[in-house]
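What follows is one structure encoded as structure tokens, with my remarks underneath.
Only a predicted model underlies this, so the values are computations on that prediction, with no experimental measurement involved. Labels below follow one simple rule: chain letters A, B, ... track the order of the sequence lines, proteins then strands, and each chain is numbered from 1.
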Number of protein chains: 2
Amino acid sequence: MVRDAIPALKSHHPGKDILAETPAYDLIELFFFAYRDFVSDPDRILDEYGFGRAHHRVLHFVSRNPGLTIAELLDILRITKQSLNRVLKELIEKDFIESRMGTSDRRQRLLFATPQGRELALKLAKLQTRRIMRALSGMEPEAKDAVSRYLLSLIDPNDSAHVKHLVFGSEET
Amino acid sequence: MVRDAIPALKSHHPGKDILAETPAYDLIELFFFAYRDFVSDPDRILDEYGFGRAHHRVLHFVSRNPGLTIAELLDILRITKQSLNRVLKELIEKDFIESRMGTSDRRQRLLFATPQGRELALKLAKLQTRRIMRALSGMEPEAKDAVSRYLLSLIDPNDSAHVKHLVFGSEET
DNA sequence: AATTTTATGTCAGCCTTGTTGACATATCTC
DNA sequence: GAGATATGTCAACAAGGCTGACATAAAATT
């Protein structure tokens, strides 16, 4: 480990061993509190529809990726198909998501948000965006990019390519 | 795009609709994926002890804030005392946390992590720190500060002072 | 054509972690 | 002494994870 080659890893306290990894309590705890509040916004609205966070996640990714298959969705959410099916069934019954048979592979189900589903997904995304914009508003323009790169780097390296494609891959306009 | 259907949402600059708040999908989704992976590291170890994420949160904040009271812990975690008590009881029984009667107010319970508790808390914090350091390692030194300020600003303004004090306030050694 | 693999659905039951409501106890405050 | 406060506890319930087993249709392989 060529520690000195990476300034960010250099120790501020010369006595402390860098390998002991002084815990980054600040970033750990801020992450917890930020996430806690970040997901609380949608909760209130979801309640009115009889939905929970699990429904939100499914609706969000389906709305953002029309034609998503069950397998791809499972890979994104990292839950079992039984867990997914419970909430997905409700979203389909209440007409927020539509499931069509695959065209090339007819075993697959291609998922689409209905107009009603897209509307709710957008409403929730805007809510969260308002919080994000408020946070970014006081910061330098480069900050957003730094935050974005930080979050991306927190993701398991195995998945980062996949996530990158999902998040940035299909930029319309 | 039926922008003209809702006059109140019409933009001054065609194309850039301020009030429509184009969703920050990138930061929304990256936050989800980053958090998903961030909490997954400790999960594996907690399993070996028969603990879950709820135990982790309690142990973490007690370890970081020796003498924390039940009320303060409830305020941090935002859960009911019944939920807290379930996991706290287990942590006390298994000797990871110790509960002492308050000195000035004997109704209060002051919580302390035992040596075993501190050890586990530290082990988990180091695991998460490793992920954080890996993410920061490729970035400019100012990036950490930007991320920190961003996360802090995501928190409900009502709580940010409290969180700031909790996270940065008591820098011991 | 027969077989195997794959994508999905579904039943049944369990666990963790959140919730509400009611009630008990000790201690502090007025 | 009366009332407020900090905590503990019982019971029941809900959301959203999990495992295991089994079913079906369609694709892929042999």
Donor-acceptor pair under 3.5 Å: do we get one between B/Lys89's side chain and the base of D/dG8?
no
So, does the side chain of A/Gln82 form a donor-acceptor pair with the base of D/dG16 at under 3.5 Å?
no
From the list C/dC28, D/dT9, C/dT8, which nucleotide is the closest neighbour of the side chain of A/Thr69?
C/dT8
Does D/dG17 have OP1 or OP2 under 4.0 Å away from a side-chain N or O of A/Thr80?
no
Pick the closest DNA chain C nucleotide for A/Ala71 and for B/Arg78 by heavy atoms, then say which residue is nearer the 5' end.
A/Ala71
Nearest listed nucleotide, side chain of A/Lys81, among C/dT19, D/dA27, D/dC22
D/dC22
Using modelled atom types and a 3.5 Å cut-off, is there a donor and acceptor pairing between side-chain atoms of A/Ser153 and backbone atoms of A/Arg149?
yes
Short side-chain N/O contact from A/His55 to OP1 or OP2 of D/dG16, under 4.0 Å
yes
note: A/Asn85, atom CG; D/dC18, atom P; distance rounded to Å ~ 13 Å
For A/Asp75 and B/Arg36 the tightest heavy-atom approach is O-NH1, 3.8 Å
Specify the separation, in whole Å, of atom CD1 of A/Ile79 and atom C1' of C/dG9.
15 Å
Once you round it to whole Å, what is the distance between C1' of D/dG8 and CG of B/Leu74?
12 Å
Determine whether any donor atom in the side chain of B/Arg107 lies under 3.5 Å from an acceptor atom in the base of D/dT5, or the reverse, and answer yes or no.
yes
Rounded to whole angstrom units, what separation is found between the CZ atom of B/Phe51 and the C1' atom of C/dT17?
15 Å
Checking the side chain of B/Asp41 only, and the main-chain atoms of B/Gln128 only, is there a donor and an acceptor separated by less than 3.5 Å?
no
Under-4.0 Å salt bridge between A/Arg100 and A/Glu98:
yes
Are any side-chain N or O atoms of A/Arg57 and backbone N or O atoms of A/Leu77, one a donor and one an acceptor, separated by less than 3.5 Å?
no
d(CG, B/Leu91; P, D/dG8) in whole Å:
13 Å
Nearest-neighbour nucleotide for the B/Ile70 side chain, C/dG9, C/dT19, D/dT7 considered
D/dT7
Need one value for A/Arg86: base, sugar-phosphate or nothing, where a base atom within 4.0 Å counts as base even if backbone is also close, heavy atoms only.
base
Side chain of B/Asp105 only, heavy atoms from C-beta on: which candidate in C/dT10, C/dT27, D/dG17 is closest?
C/dT27
Roughly how many Å is it from CZ in A/Arg106 to P in D/dT24, rounded to a whole number?
18 Å
Atom CD1 of A/Ile92 and atom P of C/dG9: how far apart are they, to the nearest Å?
7 Å
Any A/Arg109 side-chain nitrogen or oxygen under 4.0 Å from OP1 or OP2 of D/dA25
no
Euclidean distance, atom CE of residue B/Met101 to atom C1' of D/dT7 [Å, nearest integer]
12 Å
